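Model, not experiment: these values are computed from the prediction.
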Amino acid sequence: MQTLDLQLTKHNTLRVSALHALAYCPRLFYLEEVEELYTQDAAVFAGRRLHAELEKHEDEDWEELFLESEELGLRGRLDALRTRDGQTIPYEHKRGRCYRDENNQPQAWESDRLQILAYACLLESVREITVREGRIRYHADNVLIHVPLDDSGRAIVREAIQQARTLRQSTHRPPVTDNERLCARCSLAPVCLPEEARLAHDREWQPIRLFPEDDERQVIHVLEPGTSVGRTGEQIKIARRNQPVETVPARQVGQLVLHSFSQISTQALHFCAEQGIGVHFISGGGRYLGSFDTRQGSIQRRIRQYSALSNSDICLELAHKLVVCRGQGQRKFLMRGTRSKAEVSEKLRKAIAQMKIILQEVPQAKSLESLLGLEGNLAALYFSALPCLISSEVSPELHFAGRNRRPPKDRFNSLISFGYALLLKDVMNAILTVGLEPALGFYHQPRSQAAPLALDLLEIFRVPLVDMTVMGSVNRGQWDTKADFEVRGEQVWLSEAGRRKFVQLYERRKQESWKHPATGYSLTYRRLFELEVRLLEKEWSGEGGLFGHLVLR
């Protein structure tokens, strides 16, 4: 019962630091307090180091304490509490610089001012005393600011609390702030995407890339059957048969991909969830099986997603963008094949011309059923012409006559199928990272093997990440037709050596950068997964127009 009471209290009271976020930017408050999205950047860790240093040199009258008042509706942990001339004074410590007014006089930033006033009011409520002021120490310029608490200050705190409660009940994310400088210093800019929101409303805007260029954490593929994955301290432990145990610091790992009959301990799963490490499962035959869903909170985001994707008009509009994106990508890939060949086959030229005609019909499609028919025609033309891109010098065993799957019947199709499984895993990882619901798609219908939203987003990346990688590796002669494949009757699978080789090629491709056509800045492919999911979410959040533009040049 004590645990339940504590949870109810926390639900009914606001963190003082949340009011600080509210004063800084209402959208930041909403992302943290309502959607429960948090990040820990360098500034956060620097602040923690500052407090650790202060604790080492604390004075006798220094007191750090946690306060909570249900009556006021606040809770928080004071940096310090001191007694001066019989008066109790709350202190806040900031690692940065203070604000300077037009006369160059030091002042507290508005968000810091609200925070210390809230602590002062909280102290009055809990200890039933009168607090006359709070103080803020800005360590970068060694300035101490006195912030008096009077009736107007108390009113400011009450108004902020009421505004915060109102926002808590809303399902609509507040707009991006007009003050661009705030965004550059905000740790949640990669989640909020303020520059992209401004670009959506003003196509002449020149966005600054606040979204990280790359995710340098490793994607660990456990390919060997019988391998066990566990945890030791703050590290991931990998025990392969007849090999020394390998350990990797958790902070260096972005995903764990378990192939075939490898296994992971419960402790390691819990640890991966805590560390934000994606855990995914792929069968020995190279089929995507599923992902460990660690999403917490963000229910408001899924409510907005459900509301939007229950609207047939919105679904049709997004599906139009998706089919055009994939179809144009396929056609332009085929067109690349005409540049490098002295003689271009009539089959290739005809497919490219017919695809252009079909793509012109896509925007006029009035239903998802019509789009599916057009997409099917585009795919049929694409895969019928794709063999024309294979060099004549390539072994006949690596040629193919068209797309086949489940199971693949030739080596080329086995490569593509395995690549699509890895791609589906990465798309699912991005969806779960962002916090959307994979089962709520806008184009593909629910099926037993894969989530509709993942299948939707998969279409954007098929050509650049899988088709191009496979075709390039085949034409460069990187595959051993014997050692890299297993032929079982009419079925063809990648061997363990083949899977290992493909993983290396695929992960290397993901490290390459692509200049996003809509935003104008460059990102690695492994960052583009998450960006595209976030741009999709903006389509139903009043900031749309940037989704589905990743088309080959």
Run the side-chain contact (heavy atoms from CB on, under 4.5 Å) test against A454 and tell me which residues pass, sequence neighbours left out. L424, V427, M428, I431, A451
Residues in salt bridge (charged side-chain N to carboxylate O under 4.0 Å, His left out) with R198, at least two apart? E195
Mind checking ring-ring contact (aromatic ring centres under 6.0 Å, His included) for F547 and listing every partner two or more places apart, or none if nothing turns up? none
Among all residues two or more places apart in sequence or in another chain, which pass the side-chain hydrogen bond (donor to acceptor under 3.5 Å, both in side chains) test with Y506? D426
For E393, I'd like to know if atom CD has over 12 heavy atoms of other residues, nucleotides or ligands within 6.0 Å. no
Under the side-chain hydrogen bond (donor to acceptor under 3.5 Å, both in side chains) rule, collect the residues that match up with N413, sequence neighbours excluded. R403, D410
Using the test side-chain hydrogen bond (donor to acceptor under 3.5 Å, both in side chains), find all partners of Q252 that sit at least two apart in sequence or belong to another chain. none
Any ring-ring contact (aromatic ring centres under 6.0 Å, His included) involving residues 516-537? Give me the pairs, sequence neighbours left out, ordered by first then second residue. F461-F529, W514-Y525
For residues 314-326, run the donor-acceptor check on the side chains, cut-off 3.5 Å, and write out each pair with its distance to 0.1 Å, sequence neighbours left out.
residue	atom	partner	partner atom	Å
H320	ND1	L316	O	3.3
H320	NE2	V362	O	3.3
H320	NE2	A365	O	2.9
K321	NZ	E539	OE1	3.0
R326	NE	E459	OE1	3.2
R326	NH1	E375	OE2	2.9
R326	NH1	E459	OE1	2.7

Using the ring-ring contact (aromatic ring centres under 6.0 Å, His included) rule, collect all pairs that involve residues 370-409, keeping only residues at least two apart or in two chains. F400-F412
Who pairs with E213 by side-chain hydrogen bond (donor to acceptor under 3.5 Å, both in side chains), at least two apart in sequence or on another chain? none
Residues 209-253 vs ring-ring contact (aromatic ring centres under 6.0 Å, His included), sequence neighbours excluded, gives H221-H259
Using a 6.0 Å distance limit plus a 45 degree cone around the ring axis, check whether R173 lies over the aromatic ring of Y30. no
Please round to the nearest 0.5 Å and tell me the distance separating atom OG1 of T338 and atom CZ of R349. 7.0 Å
What residue pairs, at least two apart or across chains, pass side chain to side chain donor-acceptor pair (under 3.5 Å) with a residue in residues 491-505? E224-R500, D484-K501, Q491-W493, E496-R500
